[in-house]
Undergrad: 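Here it is, the structure in full.
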Amino acid sequence: KLYNDALEIYKSMTVEDSVLVAVAGTLNNLANLYEKTNRYELAEKLYNDALEIYKSMTVEDSRSVGDSALPISALYEEINRYELAEKLYNDVLEIYKLRTGEDSVSVADTLNNFASLYEKTDHYDQTETHLEKSWIIFNEKLGPKARLTCETQRSLANIRRHLAASSDDESLLKKAIAGLTDLIETNTHILQEAIQEKASKGEALTDEFMADHHQRIVTEPHRRYYY
């Protein structure tokens, strides 16, 4: 109800780009609420309405168009409309490449989403290809200790292990083992540094702290990140 009330207020105001951005943001928030409550048709409509608003702005911000198209892509993936999801992911990827560069974090995020889609549709070679590209970008831009880098590296190692098991490809298995070994070493260093920092401040090691660092290794692969 509050989202709808806010939307009506925005609609009654002078239509300027700043207002349109606010309206689109409200639509996206409301769509996200509908998606979480499994009201997918309403979510799809509002996501698309928000996307059209960004496209209609006086000075079109293609980055905002990409940001708005991303949750629609994920929605299509969630409700098994894979062809539509793939098309929109492609659109988003091209937008981010144009606006943020070929090797930006936004491009890597979108490649991760592609990997999730291809894994769901049993295109494991494509999954491996997109995860590798994503991991290289995260590693270069964020560093080997960043959470996104570690999570993508783990996903990449796991998909290589799956491919090796199904094809008897020894080179892929070696890559998978090397990736997981490197990941364990990296996260061991991260944990040691975090423990030392806690000790220097006289802070106790809580269960939540240990669980967070444990999750760096065992976290579910292909998480989505929206901006």
Side-chain angles (χ1 to χ4, degrees), residues 28 32 35 47 51 54 61-164 166-167 169 171-180 182-183 186-187 215-227:
N28 273 329
N32 183 256
E35 182 179 357
Y47 278 139
L51 181 59
Y54 282 120
D61 181 355
S62 58
R63 171 67 187 268
S64 295
V65 172
D67 290 347
S68 190
L70 194 55
I72 310 175
S73 311
L75 173 65
Y76 286 145
E77 182 183 340
E78 184 176 352
I79 59 178
N80 302 328
R81 295 169 70 179
Y82 296 128
E83 289 185 5
L84 281 173
E86 184 177 20
K87 179 183 181 302
L88 278 177
Y89 280 145
N90 268 313
D91 292 344
V92 171
L93 186 61
E94 291 308 310
I95 287 171
Y96 285 151
K97 284 181 177 180
L98 178 66
R99 295 288 294 182
T100 65
E102 294 274 343
D103 59 350
S104 70
V105 171
S106 293
V107 167
D109 285 333
T110 308
L111 291 170
N112 262 353
N113 287 334
F114 261 120
S116 171
L117 176 66
Y118 288 134
E119 184 176 20
K120 286 182 179 178
T121 54
D122 299 331
H123 292 84
Y124 299 116
D125 287 337
Q126 290 274 48
T127 304
E128 193 251 351
T129 298
H130 284 76
L131 282 174
E132 183 175 33
K133 291 178 181 177
S134 177
W135 173 69
I136 290 171
I137 293 172
F138 283 141
N139 194 52
E140 291 179 350
K141 294 295 183 179
L142 304 179
K145 295 181 181 180
R147 183 178 293 273
L148 284 172
T149 307
C150 292
E151 289 176 353
T152 305
Q153 186 177 14
R154 176 185 179 274
S155 298
L156 178 59
N158 283 337
I159 203 67
R160 282 173 171 169
R161 186 173 58 180
H162 172 82
L163 285 169
S166 60
S167 65
D169 188 330
S171 64
L172 276 176
L173 183 58
K174 288 180 178 179
K175 285 182 179 180
I177 293 172
L180 289 173
D182 182 57
L183 183 61
T186 299
N187 283 289
Q215 191 179 31
R216 283 179 173 270
I217 297 177
V218 300
T219 186
E220 288 298 315
H222 316 322
R223 289 171 59 189
R224 294 192 186 86
Y225 298 85
Y226 299 143
Y227 292 93

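All values below were derived from every heavy atom in this structure, side-chain atoms included, with hydrogens, water molecules and symmetry-related copies excluded. Residues take their numbers from the sequence shown, with the count starting at 1.
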Undergrad: Kindly compute the distance separating OG1 (Thr129) from CG (Leu156), expressed to the nearest 0.5 Å.
TA: 9.5 Å
Undergrad: So Asp109 and Phe138, do their side chains get closer than 4.5 Å, heavy atoms only?
TA: yes
Undergrad: Might you point out which heavy atoms bring Ala108 and Ser134 nearest each other, and give the distance in Å?
TA: O-OG, 3.0 Å
Undergrad: For Glu86 and Tyr76, which I'm curious about, is there any donor-acceptor pair between the side chains at under 3.5 Å?
TA: no
Undergrad: Any side-chain heavy atom of Tyr89 sitting closer than 4.5 Å to one from Leu111?
TA: no
Undergrad: Just how far is it from atom CD of Gln126 to atom CZ of Phe114, taken to the nearest 0.5 Å?
TA: 9.0 Å
Undergrad: For residues Tyr82 and Glu77, report the shortest heavy-atom separation together with the two atoms involved.
TA: CE2-O, 3.5 Å
Undergrad: Rounded to the nearest 0.5 Å, what separation is found between the OG1 atom of Thr110 and the CG atom of Leu93?
TA: 6.0 Å
Undergrad: Any chance you could measure Arg161, atom CZ, to Ile177, atom CD1, to the nearest 0.5 Å?
TA: 9.5 Å
Undergrad: Considering all heavy atoms of both residues, which atom of Tyr124 and which atom of His162 are nearest to each other, and what is their separation?
TA: CE1-NE2, 3.4 Å
Undergrad: Is Thr149 reaching over with its side chain to a backbone N or O of Lys145, donor-acceptor style, under 3.5 angstrom?
TA: no
Undergrad: Rounded to the nearest 0.5 Å, how far does NZ of Lys97 lie from CG of Asp103?
TA: 11.0 Å
Undergrad: For residues Cys150 and Pro144, report the shortest heavy-atom separation together with the two atoms involved.
TA: SG-O, 3.5 Å
Undergrad: Between atom CD of Glu102 and atom NZ of Lys133, what is the distance when rounded to the nearest 0.5 Å?
TA: 9.5 Å
Undergrad: Could you check whether any side-chain heavy atom of Asn32 comes within less than 4.5 Å of a side-chain heavy atom of Pro71, counting everything from C-beta outward?
TA: no
Undergrad: State, to 0.1 Å, how close Ile137 and Val105 come at their nearest heavy-atom pair, and which atoms those are.
TA: CG2-N, 4.4 Å
Undergrad: In the structure I gave you, are the side-chain heavy atoms of His130 and Asn112 within less than 4.5 Å of one another anywhere?
TA: no
Undergrad: Where is the tightest heavy-atom contact between Glu128 and Leu163, given as atom of each residue plus distance?
TA: CB-CD1, 3.8 Å
